[in-house]
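The next block holds one structure in the form of structure tokens; read it before the comments.
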Number of protein chains: 2
Amino acid sequence: MENYLEAISALNDETRVKLLAFLDHHGPLCVCDLQSSLGMIQSRLSRHLKILKDGGFLRVDRCGTWAYYSIRSPLDRFRSEALAEIRCLGIELPPLVKLSETGDCKV
Amino acid sequence: MENYLEAISALNDETRVKLLAFLDHHGPLCVCDLQSSLGMIQSRLSRHLKILKDGGFLRVDRCGTWAYYSIRSPLDRFRSEALAEIRCLGIELPPLVKLSETGDCKV
DNA sequence: CTTCAATATCAAGATATATTGATTTATTGA
DNA sequence: TCAATAAATCAATATATCTTGATATTGAAG
């Protein structure tokens, strides 16, 4: 029940659903790229990423000072159904802006 | 997206998950029977039932002053998956106490 | 029409969650 | 060691949600 409610409450926010959809579509991205792509301030983004990670949807791979977030794999049945449903929502995704490769990544 | 978030936020509460599980198990029940079975005060119960109904999980059939709530049918794919997941949680259900048939149903 | 029972809604306070800007931590490289 | 950068955490405020008790609504019965 705790595990279930943690997953549900992670999904219970428009920002996080969009974030999941974006990561699902674009694969592993570091926080500063998510920031530039989604136009969110860093602390807000970091908080939502943590909630999605704790909710079992995301994994983090650290590489130096960068943290790459991606959809956790494998997802359990419920979370993978949830993600499938999100794919069906037809959410409009903003373009990917990768500052991490242009050298402009100063938070 | 609105429809999706309405479903998710309806599920985002332990009380409502238990309520769904109870109705799923026991079929159509009036508010006063849910009250006696789940030990909830009437206004609280009524509020949660409304949220589950608005979230697309429940239907109401009125019969005189009684309101019988039950799982809506058919549920869409996502809601039906959610209900299936709830069934798998192994939630302990309290016994059904039907005051509506013993004449003790005075709120 | 009046009363009563079942349910719904409202108002107030309590609790939880979200947002922002500031600060802290960790890692890299000079 | 020190400075700089990416990311995480904190503190304060704003906003949303939950709970309770009181009140309103609706239908049935006298």
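Scope of the values below: all heavy atoms of this structure, side chains included, with no hydrogens, waters or symmetry mates. Below, chains carry the letters A, B, ... as their sequence lines are ordered, and counting in each starts from 1.
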(request) Only counting residues at least two apart or in another chain, list the ones meeting side-chain contact (heavy atoms from CB on, under 4.5 Å) with A:S9. (result)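 A:S9 satisfies side-chain contact (heavy atoms from CB on, under 4.5 Å) with B:N12 only.
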
(request) Tell me, please, which residues at least two apart from B:S46 pass side-chain contact (heavy atoms from CB on, under 4.5 Å). (result)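 B:Q42.
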
Gap between atoms [atom1] and [atom2], on [X] and [N] respectively (whole Å):
X: A:L99; N: D:dA7; atom1: CG; atom2: C1'; result: 15 Å
X: B:E14; N: D:dT17; atom1: CD; atom2: P; result: 18 Å
X: B:Q35; N: C:dA8; atom1: CD; atom2: C1'; result: 12 Å
X: B:Q42; N: C:dT7; atom1: CD; atom2: C1'; result: 5 Å
X: A:L58; N: D:dA7; atom1: CG; atom2: C1'; result: 15 Å
X: A:I51; N: C:dT17; atom1: CD1; atom2: P; result: 8 Å
X: B:L5; N: D:dT17; atom1: CG; atom2: C1'; result: 15 Å
X: B:L49; N: C:dT9; atom1: CG; atom2: P; result: 11 Å

(message) C:dA8, OP1 or OP2 - any side-chain N/O from B:R62 closer than 4.0 Å?
(response)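 Looking at the OP1 and OP2 atoms of C:dA8, one of them is under 4.0 Å from a side-chain N or O of B:R62.
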
(request) Any salt bridge (charged side-chain N to carboxylate O under 4.0 Å, His left out) involving residues 88-97 of chain A? Give me the pairs, sequence neighbours left out, ordered by first then second residue. (result)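 Residue pairs with at least one partner in residues 88-97 of chain A: there are none.
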
(request) Return each pair, listed once, that meets salt bridge (charged side-chain N to carboxylate O under 4.0 Å, His left out) where at least one residue sits in residues 38-53 of chain A; pairs must be two or more places apart or across chains. (result)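 Every pair satisfying salt bridge (charged side-chain N to carboxylate O under 4.0 Å, His left out) with a residue in residues 38-53 of chain A: A:K50-A:D54.
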
Close N or O pairs between protein and nucleotides 19-21 of chain C (under 3.5 Å):
from	atom 1	to	atom 2	distance (Å)
C:dT19	OP1	A:R44	NH2	3.1
C:dT19	OP2	A:R44	NE	3.4
C:dT19	OP2	A:H48	NE2	2.5
C:dG21	N7	A:S43	OG	3.4
C:dG21	O6	A:S43	OG	3.1

Test salt bridge (charged side-chain N to carboxylate O under 4.0 Å, His left out) applied to [X] - qualifying residues, sequence neighbours left out:
X: B:R16; result: none
X: A:E14; result: A:K18
X: B:D24; result: B:R87

(message) Just verifying a value: how many Å separate A:L52 CG and A:L23 CG, rounded to the nearest 0.5 Å?
(response)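 Answer for the CG-CG pair, A:L52 versus A:L23, is 8.0 Å.
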
(message) Measuring from atom CG of B:L93 to atom OG of B:S37, what distance do you get when rounded to the nearest 0.5 angstrom?
(response)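 Between B:L93 CG and B:S37 OG, I get 10.5 Å after rounding to 0.5 Å.
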
(message) Quick check on DNA chain D: between A:N12 and A:Y69, whose nearest nucleotide comes earlier from the 5' end?
(response)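 Nearer the 5' end of the strand: A:Y69.
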
(request) Side chain of A:R16 only, please: which of C:dT9, C:dA18, D:dC18 is the nearest? (result)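 Ranking C:dT9, C:dA18, D:dC18 by closest atom to the A:R16 side chain puts C:dA18 first.
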
List every contact pair, protein side and nucleotides 24-30 of chain C side both N or O, where the distance is under 3.5 Å.
none

